[in-house]
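Take a look at the structure set out below.
Side chains included, hydrogens not; waters and symmetry mates left out as well; all remaining heavy atoms used.
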Amino acid sequence: MSGHSKWATIKRKKDAIDSKRGAIFTKVVKEITVAARMGGGDLEGNPRLRFAVLKAKSVNMPKDNIERAIKKGTGELEGVIYEECLYECFAPGGIAIMVDALTDKKSRTTPEIKSILTKLGGSLATTGSVSRLFERKGVIVIPADQISEEELIDIAVSAGAEDVLNEGDVFRVTTATEDYEAVQTALNDKGIKADESEVRYVALVTTEVGDKDTADKVMKLIDNLEGHEDVQSVNSNFELSETLEKEYG
């Protein structure tokens, strides 16, 4: 699929998913809370909330956590009011980055995002200059030891998936936004758990970087953005050259 970065696969191999579980839960709780605040706590009448709950289930979030997050969003329990922010950014090498954030104080988050970018040669971009390089897709990443490729293709494609890629240790399932819910539900029904599951920005075309210094800066920049407590997701069109891919791999 166009826009997929092999660097993401290399990075995932080096990361311990379990060590990030707490951070993942925090991000999902924020999304559930915002979805419930904006569209109410009824899953049937709130597609965004259904997506968020599906994501929570895909990462094994306890039911009690999900219910509390919904109640905080609807006002049944006291909770923080979050604001959505979308940052369009450029990194060294002309790399385009989309940053989704949920914050209780935009006047704090925006300068912090700018600071992360500036320190590593990046910058905020004008609205529309980066988003035009991406499209919204459902992306579900599944450990390959859970299921065979043939069985996964049968389940996912039958439910409406566009593509299933074998990346060695994981499978990457891609869907149109309108088919994401059906595909994730079909996987949940089979007891298949995902490392990642969300509707996010996917690059239409990747930009290859062959200079190691530039690649190091881009990877550190993306890592630092992902590490910010208000950032929900970071998506880029970054692609390593074959030479650097072998070096980092």
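No salt bridge links Arg172 with Asp163; every basic N to acidic carboxylate O contact stays at or beyond 4.0 Å. Of the charged side-chain nitrogens involved, at least one lies within less than 4.0 Å of a carboxylate oxygen, so that Lys137 and Glu162 count as a salt-bridged pair.
Side-chain contact annotation: Glu76 with Thr74, donor-acceptor N/O pair under 3.5 Å present. In the model, Thr110 has a side-chain atom that pairs as donor or acceptor with a side-chain atom of Tyr87 under 3.5 Å.
For residues 39-86, every residue pair satisfying the ring pair (Phe, Tyr, Trp, His ring centres under 6.0 Å) rule, not counting sequence neighbours, is listed here: Phe51-Tyr180.
Partner of Glu84 under the salt bridge (charged side-chain N to carboxylate O under 4.0 Å, His left out) criterion, out of Lys106, Arg37, Lys30, Arg48: Arg48 alone. When each of Leu49, Val53, Leu102 is tested with Glu31 by the rule side chain to side chain contact (heavy atoms under 4.5 Å, CB included), just one qualifies, namely Leu102.
Counting heavy atoms from C-beta outward, Tyr248 and Asp216 have side chains that approach closer than 4.5 Å. Inter-residue side-chain proximity for Cys89 and Val130 is flagged as unmet; no heavy-atom pair is nearer than 4.5 Å.
Lys193 NZ: more than 12 foreign heavy atoms inside a 6.0 Å radius.
Note on Val141: it does not cluster hydrophobically with Leu187, by side-chain heavy-atom contacts below 4.5 Å among ILVMFWY residues.
Between Asp104 atom CG and Glu229 atom CD the span is 8.0 Å, to the nearest 0.5 Å.
The shortest heavy-atom contact between Gln146 and Gly191 is OE1-O, 4.0 Å.
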